[in-house]
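Everything numeric in this text was worked out from a predicted model, so none of it was measured. As a basis for the values below, the full set of heavy atoms in this structure was taken, side chains included, without hydrogen atoms, waters or symmetry mates.
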Amino acid sequence: MLEAIIVFLLVGLDQWVKHLTDMHLMPLGTSVPLWEDVFHFTSAHNTGAAFGMLSGSRWLLIAVSLLACAVLTGFLIKKGRHQHLLLRISLALILAGAVGNLIDRIALGYVRDMLDFRLINFAIFNVADSAVTIGAVLLAVDVAFGKGKTLLSSN
């Protein structure tokens, strides 16, 4: 149940922020500084994966995303209740991010990005990307330090 709440809330937040970006940061490339030279909201489109890799590979990325979503959903439904909380949260975050970007890829042919962290000249990203990254970090922590133990146990 917690996993479904995480997925629905994050997908909703991701799509809402993307919608606001479309409404207020057009034309493409429009940028509004939240903190000058540190963090901006910038309208961008990404036809590839992370950092623009595989640019123009829409159908491959859709297929991989669908497969990842199916595997994660199946695991969470079938085995999730028998897993510890940190693993379930990390997989739900990854699933939410994958679904958020998959919606864009299917509907638009590209992913809408807007979070522009300029302090370190980082790639422009979105809420879904953040969810995948945080989920992957939590999963790595779980694998490295949990080793099957009940980190953040819900039992």
Side-chain angles (χ1 to χ4, degrees), residues 1-31 40-117 120-148 151-152:
M1 181 67 169
L2 173 64
E3 298 90 329
I5 292 169
I6 290 170
V7 170
F8 285 114
L9 285 176
L10 282 175
V11 169
L13 176 63
D14 176 65
Q15 292 299 305
W16 179 66
V17 170
K18 289 173 178 176
H19 173 73
L20 289 176
T21 299
D22 287 347
M23 298 285 295
H24 301 287
L25 291 178
M26 282 298 167
L28 193 63
T30 301
S31 186
H40 292 221
F41 289 107
T42 303
S43 178
H45 294 168
N46 183 359
T47 61
F51 309 110
M53 293 183 299
L54 298 173
S55 186
S57 301
R58 177 184 184 193
W59 297 108
L60 172 65
L61 294 170
I62 287 172
V64 170
S65 296
L66 284 170
L67 179 62
C69 290
V71 168
L72 289 170
T73 301
F75 179 84
L76 287 169
I77 289 171
K78 188 172 183 181
K79 299 189 183 239
R81 67 178 156 258
H82 303 295
Q83 304 300 318
H84 55 279
L85 185 59
L86 184 59
L87 177 63
R88 292 178 10 233
I89 290 172
S90 66
L91 295 179
L93 287 168
I94 294 168
L95 177 59
V99 169
N101 283 338
L102 179 61
I103 291 169
D104 276 17
R105 255 183 243 295
I106 290 171
L108 304 170
Y110 55 84
V111 173
R112 297 170 287 177
D113 291 327
M114 74 293 302
L115 305 174
D116 188 1
F117 190 58
I120 58 172
N121 197 25
F122 196 73
I124 302 171
F125 57 100
N126 60 42
V127 173
D129 298 334
S130 300
V132 169
T133 301
I134 294 166
V137 168
L138 290 176
L139 183 59
V141 166
D142 184 47
V143 168
F145 302 109
K147 298 180 184 166
L151 292 179
L152 294 180

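- How far CG of Asn46 is from CZ of Arg105: 6.5 Å, rounded to the nearest 0.5 Å.
- Looking only at distances, a side-chain donor or acceptor of Arg58 sits under 3.5 Å from a matching main-chain atom of Ile106.
- Asp14 CG to Leu10 CG: the interatomic distance, rounded to the nearest 0.5 Å, is 8.5 Å.
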Identify every side-chain donor-acceptor pair in residues 91-100 under 3.5 Å, counting partners at least two apart or on other chains, and give the distances.
none

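- To the nearest 0.5 Å, atom CD of residue Glu3 and atom CZ of residue Arg88 are 4.5 Å apart.
- Val127 and Leu13 get closest at one heavy-atom pair: CG1-CD2, 4.1 Å.
- Counting heavy atoms of neighbouring residues, nucleotides and ligands inside a 6.0 Å radius, atom CE of Met26 exceeds 12 of them.
- The distance from the CZ atom of Phe117 to the NE2 atom of His40 is 11.0 Å, given to the nearest 0.5 Å.
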Under 3.5 Å, which donor-acceptor pairs link side chains of residues 62-77 to any protein atom two or more places apart or in another chain?
| from | atom 1 | to | atom 2 | distance (Å) |
| --- | --- | --- | --- | --- |
| Ser65 | OG | Leu61 | O | 2.8 |
| Thr73 | OG1 | Cys69 | O | 2.7 |

Quiz item: Leu115 and Ile124: side-chain contact (heavy atoms from CB on, under 4.5 Å), yes or no, with the steps?
Solution: CA-CA 5 Å; Leu115 305 174; Ile124 302 171; 5.6 Å; no
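- A donor atom on one side chain and an acceptor atom on the other are found under 3.5 Å apart for Asn126 and Asn101.
- For the pair Ser43 (side chain) and Leu25 (backbone), a donor-acceptor distance under 3.5 Å is present.
- Summarising the geometry, atom CG belonging to Asp113 is positioned 9.0 Å from atom CZ belonging to Phe125; distances are rounded to the nearest 0.5 Å.
- Taking all atoms of both residues into account, the shortest heavy-atom contact from Ser31 to Thr42 is OG-OG1, 2.7 Å.
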Quiz item: Would Asp22 and Lys18 count as a salt bridge (Lys or Arg N to Asp or Glu O under 4.0 Å) if you check the C-alpha gap in whole Å, the side-chain angles of each, and the deciding distance to 0.1 Å?
Solution: CA-CA 6 Å; Asp22 287 347; Lys18 289 173 178 176; over 6 Å; no
Quiz item: side-chain contact (heavy atoms from CB on, under 4.5 Å) between Leu108 and His45: does it pass, once the steps are laid out?
Solution: CA-CA 10 Å; Leu108 304 170; His45 294 168; over 6 Å; no
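- In terms of heavy-atom proximity, Phe122 sits nearest to Asp116 at O-OD1, 4.3 Å.
- Once rounded to the nearest 0.5 Å, the distance linking CG of Leu85 with CG of Leu2 reads 6.0 Å.
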